[in-house]
Number of protein chains: 2
Amino acid sequence: MQKIYTGKTKDVFKLEDGNLVLKFKDDVTGENGVFDPGANAVALTIEGVGKEDLKCSKYFFELLRKNGVKTHYVDANVAEKTMTVLPCEVFGKGLEVIARFIATGSFIRRYGAYIEDKTVLPGTFVEVTLKDDQRNDPPISKDALAMLGILTKEEYKELKEKTKEIAGIIKEDLAKRGLTLYDIKLEFGRCNGEVILIDELSGGNMRVFDGDSYVEPLKIYSYLDKGTV
Amino acid sequence: MQKIYTGKTKDVFKLEDGNLVLKFKDDVTGENGVFDPGANAVALTIEGVGKEDLKCSKYFFELLRKNGVKTHYVDANVAEKTMTVLPCEVFGKGLEVIARFIATGSFIRRYGAYIEDKTVLPGTFVEVTLKDDQRNDPPISKDALAMLGILTKEEYKELKEKTKEIAGIIKEDLAKRGLTLYDIKLEFGRCNGEVILIDELSGGNMRVFDGDSYVEPLKIYSYLDKGTV
């Protein structure tokens with residue numbers, strides 16, 4: 001297995017059949033030594049976090065597979081902290097696609113003049129930001145994505161529809177466990193001409209509440225580990 | 001004439017026929033006492049600036065009228081520093097619509113990882129930001145505008161098409177005078193069910209170059225004051 005990339009929270013290896021292996025690490029992002037899945041630098045190491053993230057990812061990717069959604073996921077080995085995935089091309093230098101059901105966080109920081117924090121949105125709101133640490137992950141429109149050659153307008157449409165579908169499936173599964181999904185951050189890539197979900201699907205990708213209480217990213221799997229509901 | 005609004009650079013009065021009168025002032029926006037048309041606070045007073053802005057606005061609104069574009073402009077009285085306009089409803093708390101021909105400024109601050117400063121864009125790029133001093137005028141997508149009830153998707157389409165048309169007419173007129181329009185900031189409103197151009201069209205609304213030299217907003221009218229070209 002040849003190592004081809006060293007990431008902040010995962011390393012990437014290439015298999016002989018062309019597939020990739022993501023090796024989850026115990027390093028987490030944050031600021032000033034405090035865990036924050038939205039931050040851009042590794043802040044600390046938490047024993048066991050790689051395994052928790054992988055268990056969570058495995059759960060959600062397999063949930064999507066059961067629901068007929070194609071993703072880059074092939075399989076996972078929790079003991080080895082590895083996930084085998086299809087090789088995909090990222091869009092530009094990487095995009096984050098956010099689906100929101102309840103307005104909070106950066107949406108309120110930007111649009112707080114028009115909407116109150118924690119307002120339930122009338123439908124699934126989708127937005128795209130560039131992965132660009134230096135420029136604080138700026139939001140970007142469909143037109144700008146097309147003009148900069150990052151994503152065609154057809155790919156944007158596909159990405160938006162898949163985001164709604166995937167976020168809806170995850171929201172519904174969490175709801176069965178008494179949890180409320182406020183928003184979720186997804187990453188997509190190009191694979192044989194199709195736009196498919198890539199990266200991981202761990203607690204750090206989503207903002208989840210149990211009633212009025214925020215569920216810490218590392219606690220989400222404890223709710224999932226109860227079989228099918 | 002009844003005063004109905006006191007603005008940073010203009011006061012607004014209402015006429016008996018329902019039309020409005022904008023009275024241009026010599027106050028200009030900026031930061032730390034330096035003129036910056038993009039800033040959100042009044043920084044200083046420049047003798048004659050109100051008249052320059054009005055002459056420039058009158059010129060461009062009449063150019064648009066000649067080209068068959070409906071705007072809120074009725075007429076202007078330069079000696080009195082007043083412009084009579086149709087009453088329009090602004091979208092939400094006000095939007096800024098930016099048309100870009102050459103990438104620079106905030107476009108590069110956001111998307112500089114993908115494009116170099118001063119790259120000529122392949123077409124007219126249009127984007128919308130909220131007028132919100134407190135939140136640094138955040139960019140906003142078509143979907144967010146619709147979700148927040150600021151603009152319907154049909155109105156967005158109309159606004160985008162009119163922005164391209166208006167920016168194109170102004171770009172072409174400046175080109176005949178040897179000037180290059182990099183970008184222009186427009187404001188629209190609702191008037192009898194139509195989306196039309198409102199506010200002013202002065203040098204502070206546009207980034208213009210004469211060869212490699214930036215043309216200061218207050219200098220633009222000196223290029224226009226040469227009759228039809």
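No hydrogens, no waters, no symmetry mates; every other heavy atom, side chains included, goes into these values. Every chain is numbered from 1, with letters handed out A, B, ... down the list of sequences.
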Would you say the rings of A/Phe101 and A/Phe125 are close, in the sense that their centroids are separated by under 6.0 Å?
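No, ring centres 6.0 Å or more apart.
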Hey, would you say the B/Tyr182 and B/Phe209 ring centroids sit under 6.0 Å apart?
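Yes - the distance between ring centres of B/Tyr182 and B/Phe209 falls below the 6.0 Å cut-off.
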Any idea which of A/Asn136, A/Ile150, A/Asp137, A/Val128 has the most non-hydrogen atom pairs under 4.5 angstrom with chain B?
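Most heavy-atom pairs under 4.5 Å with chain B: A/Ile150.
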Among the listed options A/Ile115, A/Leu130, A/Val126, the residue most often paired with chain B at heavy-atom distances under 4.5 Å
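Maximum pair count with chain B is reached by A/Leu130.
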Heavy-atom cut-off 4.5 Å, strictly under: side chain, backbone, both or neither for B/Ala144 against chain A?
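Both parts, backbone and side chain.
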How about B/Ser202 and B/Phe60: do any of their side-chain heavy atoms sit closer than 4.5 Å?
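No, their side chains stay 4.5 Å or more apart.
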Tell me, for [X] versus chain B, whether the close heavy atoms (under 4.5 Å) come from the side chain, the backbone, both or neither.
X        : value
A/Arg100 : neither
A/Asp143 : both
A/Ala146 : neither
A/Leu145 : neither

Could you check whether B/Asp173 and B/Tyr59, counting side-chain N and O atoms only, form a donor-acceptor pair closer than 3.5 Å?
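Note: B/Tyr59 and B/Asp173 side chains meet the donor-acceptor criterion.
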Regarding B/Asp132 and A/Tyr114, is there a side-chain donor-to-acceptor distance under 3.5 Å anywhere?
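Absent: no donor and acceptor within the cut-off.
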Heavy-atom donor-acceptor pair, B/Asp26 side chain to B/Thr45 backbone, under 3.5 Å:
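Not at all, since once roles are kept as given, no pair shorter than 3.5 Å links the two residues.
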